[in-house]
Number of protein chains: 2
Amino acid sequence: MKNNKESKDLSFDFDFLDKLVVGIGEVSQITGIPTRQIRYWEEKRIIDSLTEEEGKNRRYNYENIKKMLLIKELMDEGYTLDSAAEKVKKRMEMIENTLNKLQGKQL
Amino acid sequence: MKNNKESKDLSFDFDFLDKLVVGIGEVSQITGIPTRQIRYWEEKRIIDSLTEEEGKNRRYNYENIKKMLLIKELMDEGYTLDSAAEKVKKRMEMIENTLNKLQGKQL
DNA sequence: TCATTAATTGTAGATAATTTACAATTGCAA
DNA sequence: TTGCAATTGTAAATTATCTACAATTAATGA
């Protein structure tokens, strides 16, 4: 069953999350990770963005942001950037699953 | 019971929504409302933003964005801007309630 | 039809935020 | 102390947003 775009009650709002795309400044505010560091992670291909062309401003979706937060968490626990990034992949899959289940239930 | 910041499973993520603050460009992308129109609505005090000082870039939270979407919906149904804005207030309260309930239950 | 008001749209010039690129710095482990 | 990982600094260019003033379009009532 698809998420009904017309539903007015919007118990919660997965459509919103789907459309949610933000710039690097906002990501930095949300996550507490400095913009400089976000660019560095991207440069190292630890994370990626939705940015269309180079030179244009970077864009991130919920998944991107979530990934940064998870990596940050692990690094605070002592992981290196690379190992954290690796570990996060699996965690992301779990989250993806959880979200899908919730979405399926339409809350 | 407070939302536990440390919870790793993050069934869903109300902390995220709380921190979510985006610029006018993103709001425009998300809602489909042109930036020019968003500024106009703000000028008319139909909506508001979190912007700290004038001249700095506008910032919006989830509530702000939701309000715009609701107003847009009503105007599509034929309401005038002012009457839509008025009607939306009540609807916002209902949503606020729903969200609070969900948050209370921790999903 | 004409005037009036509501709603939106256009844009110039100034400012804010982000970009890339090159370089320096810091911390840690061998 | 050498080497690598991770981060940080910043200049100059570019992109995005800002305000302010004005024009345009649409609906309504006289």
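Order of the sequence lines sets the chain letters (A, B, ...), proteins ahead of strands, with each chain counted from 1. Basis for what follows: all heavy atoms, side chains included, without hydrogens, waters or symmetry-related copies.
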Heavy-atom nearest nucleotide on DNA chain C taken for B:Asp82 and for A:Thr51; more 5' hit belongs to B:Asp82
For B:Lys56 and C:dT15, is the shortest distance between a side-chain N/O and OP1 or OP2 below 4.0 Å? no
B:Asn64 (side chain) donor-acceptor with B:Asp48 (main chain) under 3.5 angstrom: yes
Ignoring backbone atoms, test whether A:Arg39 places a side-chain nitrogen or oxygen under 4.0 Å from the OP1 or OP2 oxygen of C:dT20. no
B:Arg45 CZ - C:dA6 C1' separation (whole Å): 18 Å
Please figure out whether A:Gly55 or A:Tyr40 has its closest DNA chain D nucleotide nearer the 5' end. A:Tyr40
Taking the minimum atom-to-atom distance to the side chain of B:Met75, which one of D:dT7, C:dA17, C:dA7 wins? C:dA7
By a strict heavy-atom criterion of less than 4.0 Å, which residues belonging to residues 23-36 of chain B are in contact with DNA chain C? B:Arg36
Test your reading of the model: is there a side-chain donor-acceptor pair from A:Thr35 to the backbone of A:Ile24, 3.5 Å cut-off? no
Under 3.5 Å, side chain of A:Thr31 to main-chain N/O of A:Val27, donor-acceptor pair present? yes
Under the salt bridge (charged side-chain N to carboxylate O under 4.0 Å, His left out) criterion, do B:Glu26 and A:Arg59 qualify, and how do the steps go? CA-CA 9 Å; B:Glu26 286 82 27; A:Arg59 298 271 103 116; 2.9 Å; yes
Check the distance between C:dA16's P and B:Glu52's CD and give it to me in whole angstrom. 13 Å
To the nearest Å, how far apart are A:Lys44 NZ and D:dT8 P? 14 Å
Step by step, work out the salt bridge (charged side-chain N to carboxylate O under 4.0 Å, His left out) result for B:Arg91 and B:Glu86. CA-CA 9 Å; B:Arg91 208 185 270 191; B:Glu86 202 179 348; over 6 Å; no
Atom-to-atom span, CG of A:Leu74 to C1' of D:dA6 - whole angstrom: 16 Å
Would you say B:Leu50 and B:Ile38 are hydrophobically clustered, going by side-chain heavy atoms of ILVMFWY under 4.5 Å? no
Heavy atoms under 4.0 Å, any strand shown: does A:Arg58 hit a base, just sugar-phosphate, or nothing? sugar-phosphate
Rounded distance in Å - CD (A:Glu54) to P (D:dT14): 13 Å
Does a nitrogen or oxygen in the side chain of B:Trp41 sit under 4.0 Å from OP1 or OP2 of C:dA7? no
Can you tell me how far P of D:dC18 sits from CD of B:Gln37, to the nearest Å? 15 Å
Using atom OH of A:Tyr60 as one end and atom C1' of C:dT18 as the other, report the distance to the nearest whole Å. 10 Å
Report whether A:Val21 and A:Tyr60 are members of the same hydrophobic cluster (ILVMFWY, side-chain heavy atoms less than 4.5 Å apart, transitive linking). no
Please report, rounded to the nearest Å, how far the P atom of D:dA6 is from the CG atom of A:Asp76. 14 Å
